[in-house]
There are 2 protein chains.
Amino acid sequence: MSSRSGADLALLLLGSYRNLVDEVVRELATRGYPDARPSHEYAIRAIRVGADSASDLARRLAITKQAAAKTIAALVERGYVTTETDPADIRRKNIRITDHGIGLITESTAIFDEVRARWEVRLGAAELAELETQLAQFVGDSPINLDAPGWAAGQELR
Amino acid sequence: MSSRSGADLALLLLGSYRNLVDEVVRELATRGYPDARPSHEYAIRAIRVGADSASDLARRLAITKQAAAKTIAALVERGYVTTETDPADIRRKNIRITDHGIGLITESTAIFDEVRARWEVRLGAAELAELETQLAQFVGDSPINLDAPGWAAGQELR
DNA sequence: TTGACCTGGACAACCAGGTTGACCAACGCT
DNA sequence: AGCGTTGGTCAACCTGGTTGTCCAGGTCAA
């Protein structure tokens, strides 16, 4: 009975995302990270897997370097990362994740997985896995990298 | 093989939503509505099903009335709705959707459905329907109304 | 009828998370 | 030595929200 409309589908997707993320943020707050925003988590994850400068982070998250710089400033302010100018290239400012930052993504990952596990209980493991595979199809043909939240879809390189 | 993480799931949901909505906005632009934003569509839909004042719209979208007022101002500016003070209650400003506004949601609905139809081809009708049912479960236990994009989750009444 | 409250709207200031645009200093390559 | 590319920064702006404050108009009870 596929009586649903395309507009409903959009709302379902957005709603699911918000429910999931809100839950994570709420839980993070109770575990000692009250000032953590979703964008912070995504940024730190990107840094962890290799984005070691503002420009680099910008490319990975598919945002402007100015936006990346702002995010990094916020991360520094909250003590999640530190920056220090690269001795080999004065221009660069290398980003390093602090223990506090490691703690954040560790907790965050755990909570994300906990929530996912709850969903798995309701849906069944096979069903959730299939749902993910299906969603991946819609995202997969996207021209931009997957591990980024802020893609501006249909934009050229910056 | 559910090797995916909870964080990935979030990105899949967000990515799917963005892909869908971006496609709609892009297509709307080519069909004579270049200035239409997703929030405009949601607002007009809410107005169409009964939100006839700013406060009312605010309640339905679960946003503040100030935010609703701003949205309405944007809609008026673009010619999608008009407002006129209620003769029976001087305070109220009744919202009426213009023909242009009707055109917008008509086109928008059609495009949303077109994109959904393309997804249906890739997934199969039964599978997409099931996916929607599953997503509805995650959204369904949300305390706030479904037809709203901007819910602030875990907030009291305003 | 008069006061006490509730409700619709508006003003102002602010925030997150982006965007453009202009610019400069440092690098790297020929 | 010179020129183009790259990393970073300042400034202004945008969207879609948020608080907080305020007031005029409506509603209801005593």
Original post:
Taking OP1 and OP2 of D/dG7, is either one under 4.0 Å from a side-chain nitrogen or oxygen of A/Arg59?
Top reply: yes
Original post:
Which is true for B/Ala54 with a 4.0 Å heavy-atom rule: it touches a base, it touches only sugar-phosphate, or it touches nothing?
Top reply: sugar-phosphate
Original post:
Do B/His100 and B/Tyr33 have ring centres separated by under 6.0 Å?
Top reply: yes
Subject >> Candidates C/dA26, C/dT19, D/dG26 - which lies nearest the side chain of A/Arg91 >> reply: C/dA26
**OP:** Using atom CD1 of A/Ile63 as one end and atom P of D/dG7 as the other, report the distance to the nearest whole Å.
**Re:** 15 Å
Subject >> Atom pair distance, as rounded to whole Å: CG in B/Leu57 and P in C/dA10 >> reply: 13 Å
Subject >> Of the listed nucleotides C/dT20, D/dG16, D/dG8, the one nearest the side chain of B/Ser39 >> reply: D/dG16
Subject >> Electrostatic pair B/Arg116:B/Glu23 at N-O distance under 4.0 angstrom >> reply: no
Subject >> Pair of N/O donor and acceptor under 3.5 Å linking D/dG16 base with B/Lys70 side chain >> reply: no
**OP:** In whole angstrom, give the distance that lies between atom CZ of A/Arg60 and atom C1' of D/dG7.
**Re:** 16 Å
Subject >> Spacing between B/Ile72 atom CD1 and C/dC11 atom P, to the nearest angstrom >> reply: 14 Å
Original post:
Relative to the 5' end of DNA chain C, which residue comes earlier, A/Arg37 or A/Lys65, by the nucleotide with the nearest heavy atom?
Top reply: A/Arg37
Original post:
Do the side-chain N or O atoms of B/Ser55 get closer than 4.0 angstrom to the phosphate oxygens (OP1, OP2) of C/dT7?
Top reply: no
Subject >> Of A/Asp86 and B/Asp52, the one whose closest DNA chain C nucleotide lies more 5' >> reply: B/Asp52
Subject >> Among C/dA26, C/dA16, D/dT18, the nucleotide that comes nearest once only the side chain of A/Asp89 is considered >> reply: C/dA26
Subject >> Non-hydrogen atoms of B/Asp56 and B/Gly50 that approach each other most closely >> reply: OD2-O, 3.5 Å
Original post:
What is the distance from CG of A/Leu75 to C1' of C/dG17, rounded to the nearest Å?
Top reply: 13 Å
Original post:
Quick one: which of D/dG8, C/dA26, C/dT19 gets closest to the side chain of A/Ser53?
Top reply: D/dG8
**OP:** For the residue pair B/Tyr80 and B/Asp35, confirm or rule out a side-chain donor-acceptor distance under 3.5 Å.
**Re:** yes
**OP:** Give a yes/no on whether any side-chain N or O of A/Thr64 is located under 4.0 angstrom from OP1 or OP2 of C/dG18.
**Re:** no
**OP:** Please state how far atom CG in B/Asp56 lies from atom P in C/dG9, giving the value in whole angstrom units.
**Re:** 9 Å
Original post:
With distance as the sole criterion, do the side chain of B/Lys93 and the base of C/dG9 form a donor-acceptor contact below 3.5 Å?
Top reply: no
Original post:
B/Ala67 side chain: which of D/dG16, D/dG26, D/dG17 is closest?
Top reply: D/dG17
Subject >> Nearest-angstrom distance from the residue atom CG of A/Leu14 to P of D/dG17 >> reply: 10 Å
**OP:** Respond yes when some side-chain nitrogen or oxygen of B/Arg92 is under 4.0 Å from OP1 or OP2 of C/dG9, and no when none is.
**Re:** no
Subject >> Check: A/Gln66 side chain, D/dG7 base, donor-acceptor under 3.5 Å >> reply: no
**OP:** Scan side-chain atoms only and decide if A/Thr109 and A/Arg45 contain a donor-acceptor pair under the 3.5 Å cut-off.
**Re:** yes
Original post:
Under the 3.5 angstrom rule, does the side chain of A/Asp113 hit a backbone N or O of B/Gly6 as a donor-acceptor pair?
Top reply: yes
Original post:
Nearest-Å distance, CD1 (B/Ile90) to C1' (D/dC23)?
Top reply: 15 Å
